[in-house]
Amino acid sequence: METDLKEFIAGLPKAELHVHVEGTLEPDLEFACAQRNHIDIGAKTVSDIDHSYGYGLEEFLKAYYTGMKVLRTEQDFYDLTWAYLQKMAHSSVKHVELFFDPQAHTSRGVSFAAVITGIHRAIVDARALGVDTQLIMCFLRDFSKESAWQTLLAAEPYREKGWLTGVGLDSAEHHNPPLKFMLVFAKAKSLGYQLTMHCDPRQVDSVAHIKEALEVIEVDRLDHGTNITEDPDLLDYLLKQDLGITVCPIAYYYTRQNMELTAIKELFARGAKVSLNSDDPAYKGDTYINDVYYRFAQEAHWGKDELAQIAKNSFTSSWLSVEAKKAYLKQVDDYVKANN
Ligand code: HPA
Ligand code: ZN
């Protein structure tokens, strides 16, 4: 019975909409990059690298920003992205909307060009594996709005080439509300970017931040945002707008020992376009998307029907074309018919 559900998940066509490429940096590549870039990370072997951290978002972020310091060259960003996309090709992930954090690298003296060119080359190569990827550039909310503006400007040549689909907002949330970036997001919208934004679970002002993201920024999708269930009117608004909401229950478990099961089940039961995602798998117990589906299904007592609906939500709330969405939804339906 258990193997059956695992097998079902392994073959289920799905999209991943909430994953940070830097959060997929596994210790083996981290070690290799440190060696070839001559960076001392205090590890003599791969097994000396420790991705554990204390409780909460800020503690996780410390480990996340420390790990990525080994990424310096275009090749590093290629290898990072390629390793993740290869895994997705073997996980029946057909489509990825991938976050990256340019300011976390440009602030260390790495050029924007090296970061985005390395990532983009791997995206192009992964198309041959059947994985289609779009890129979402996140602004670090604990950096200044001027820095976000500079990043938007630096991205222009690459947006013009069609390498970028959306902009997002991540990093430390306390005292860094969506409103701080209102004008940058308005400009991004006018340039044709899709908009999304993190509203991490259980932050100070979580509900206020969700409200700003939905009503002021007018995001096209919401990342995390599970505290929306505390405000029935706001939840009604999300449902009326039919907005996607990307949740990462196993990531929450690793940062806070709580999967936000009640909120996620409520969102699902109300018909919200909720999708299950990994967030930062190399820092969240090596839990890639199929493990997330399986572990959450066990916790929620979900079976194939619910997971098939989640997979459908992942496509309907993606930024794919109407035709592509239709084709992927048919793939899910055909798969369910053949495997029920
Ligand atoms: N929240 C905020 N910032 C992040 C996250 C997250 O889950 N992952 C990487 N940067
Ligand atoms: Zn995230």
Side-chain angles (χ1 to χ4, degrees), residues 19-54 58-89 96 98-126 129 131 133 135-144 147-148 150-151 153-155 157-158 161 163-164 168 170-172 251 254 278-288:
V19 56
H20 303 258
V21 74
E22 297 89 346
T24 71
L25 178 60
E26 291 290 346
D28 53 351
L29 182 61
E30 187 174 331
F31 191 76
C33 288
Q35 289 220 305
R36 69 196 189 201
N37 294 328
H38 311 291
I39 297 170
D40 181 7
I41 55 168
K44 286 199 174 60
T45 67
V46 175
S47 53
D48 291 336
I49 294 179
D50 181 8
H51 277 181
S52 63
Y53 44 88
E58 274 77 9
E59 288 299 307
F60 154 69
L61 289 169
K62 267 191 233 160
Y64 171 77
Y65 291 122
T66 300
M68 70 175 78
K69 284 184 185 159
V70 300
L71 301 169
R72 298 218 59 98
T73 66
E74 181 185 319
Q75 190 63 39
D76 298 338
F77 286 94
Y78 177 90
D79 292 348
L80 174 71
T81 311
W82 178 241
Y84 165 71
L85 292 177
Q86 268 183 305
K87 287 192 184 93
M88 295 307 97
V96 178
L98 184 65
F99 293 131
F100 75 119
D101 286 333
Q103 291 155 291
H105 313 300
T106 53
S107 62
R108 299 182 288 111
V110 179
S111 74
F112 190 99
V115 176
I116 196 165
T117 309
I119 294 173
H120 181 74
R121 273 206 294 122
I123 287 175
V124 171
D125 287 352
L129 308 178
V131 186
T133 305
L135 208 43
I136 305 172
M137 174 172 75
C138 284
F139 303 116
L140 300 186
R141 68 200 308 159
D142 46 349
F143 279 33
S144 68
S147 175
Q150 283 163 10
T151 306
L153 198 66
Y158 306 99
K161 289 198 240 196
W163 292 12
L164 286 160
D170 62 3
S171 203
Y254 279 94
S278 68
D279 210 358
D280 301 283
Y283 292 85
K284 311 285 167 88
D286 249 353
T287 323
Y288 284 82

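Note that the structure is a prediction, hence the values are computed from the model and not measured. The basis for the numbers below is simple: all heavy atoms, side chains too, and nothing from hydrogens, waters or symmetry mates.
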Would you list the atom pairs, donor with acceptor, under 3.5 Å between side chains in residues 23-30 and any protein atom, with sequence neighbours excluded?
residue, atom, partner, partner atom, Å
Thr24, OG1, Val21, O, 2.7
Glu26, OE2, Tyr288, OH, 2.6
Glu30, OE1, His51, NE2, 2.6

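Under the 6.0 Å cut-off for aromatic ring centres, Phe60 and Tyr64 qualify, their centroids lying closer than that. Between His105 and Phe77, the distance separating the two ring centers is shorter than 6.0 angstrom.
Taking CG of Asp101 as the start and CE of Met68 as the end, the distance is 5.5 Å to the nearest 0.5 Å. Distance check, rounded to the nearest 0.5 Å: CD1 of Ile136 to CG of Asp170 gives 10.5 Å. Here CG of Leu140 is found 8.0 Å from OG1 of Thr151. Values are rounded to the nearest 0.5 Å. With rounding to the nearest 0.5 angstrom, the OG1 atom of Thr81 is 4.5 Å from the CD1 atom of Ile119. Here the CZ-CD distance, from Phe143 to Gln150, works out to 11.0 Å after rounding to the nearest 0.5 Å. Separation of atoms NZ (Lys87) and OH (Tyr84) is listed at 10.0 Å; rounding is to 0.5 Å.
Paired with Val96 under the rule side-chain contact (heavy atoms from CB on, under 4.5 Å), one option of Ile123, Val131, Leu135 passes, and it is Val131.
Ser171 and Leu61 get closest at one heavy-atom pair: C-CD1, 3.6 Å. Closest approach of Met137 to Pro102, counting heavy atoms only: CG-CG, 3.6 Å. Looking at every heavy atom in both residues, Leu85 comes nearest to Ala122 through CD1-O, 3.9 Å. Scanning all heavy atoms of the two residues, the minimum distance from Ala148 to Gln103 falls at N-NE2, 3.7 Å. Residue Ala113 comes nearest to Thr117 through the heavy atom pair O-OG1, 2.5 Å, listed as atom of the first residue, atom of the second, then distance. Among all heavy-atom pairs drawn from Ala154 and Pro157, the shortest one is O-CD, 3.4 Å.
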Check your understanding: Does the side chain to side chain contact (heavy atoms under 4.5 Å, CB included) test come out yes or no for Lys161 and His120, once each step is laid out?
Key -> CA-CA 11 Å; Lys161 289 198 240 196; His120 181 74; over 6 Å; no
Review point. Stepwise, does the side chain to side chain contact (heavy atoms under 4.5 Å, CB included) test hold for Gln86 with Leu129?
Key: CA-CA 8 Å; Gln86 268 183 305; Leu129 308 178; 4.0 Å; yes
Point to revise | Test side chain to side chain contact (heavy atoms under 4.5 Å, CB included) applied to Leu71 and Val110, step by step | key: CA-CA 9 Å; Leu71 301 169; Val110 179; over 6 Å; no
Exercise for review: Kindly indicate, with the supporting measurements, whether the criterion side chain to side chain contact (heavy atoms under 4.5 Å, CB included) is fulfilled by Lys284 and Asp279.
Suggested key: CA-CA 8 Å; Lys284 311 285 167 88; Asp279 210 358; 4.0 Å; yes
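A distance-only check finds no donor-acceptor pair linking the side chain of Asp79 to the backbone of Asp76 [under 3.5 Å]. Side-chain atoms of Tyr53 come within 3.5 Å of backbone atoms of Tyr283 as a donor-acceptor pair (strictly under, hydrogens ignored).
For residues 106-125, the pairs satisfying salt bridge (charged side-chain N to carboxylate O under 4.0 Å, His left out) are Glu74-Arg121, with sequence neighbours left out.
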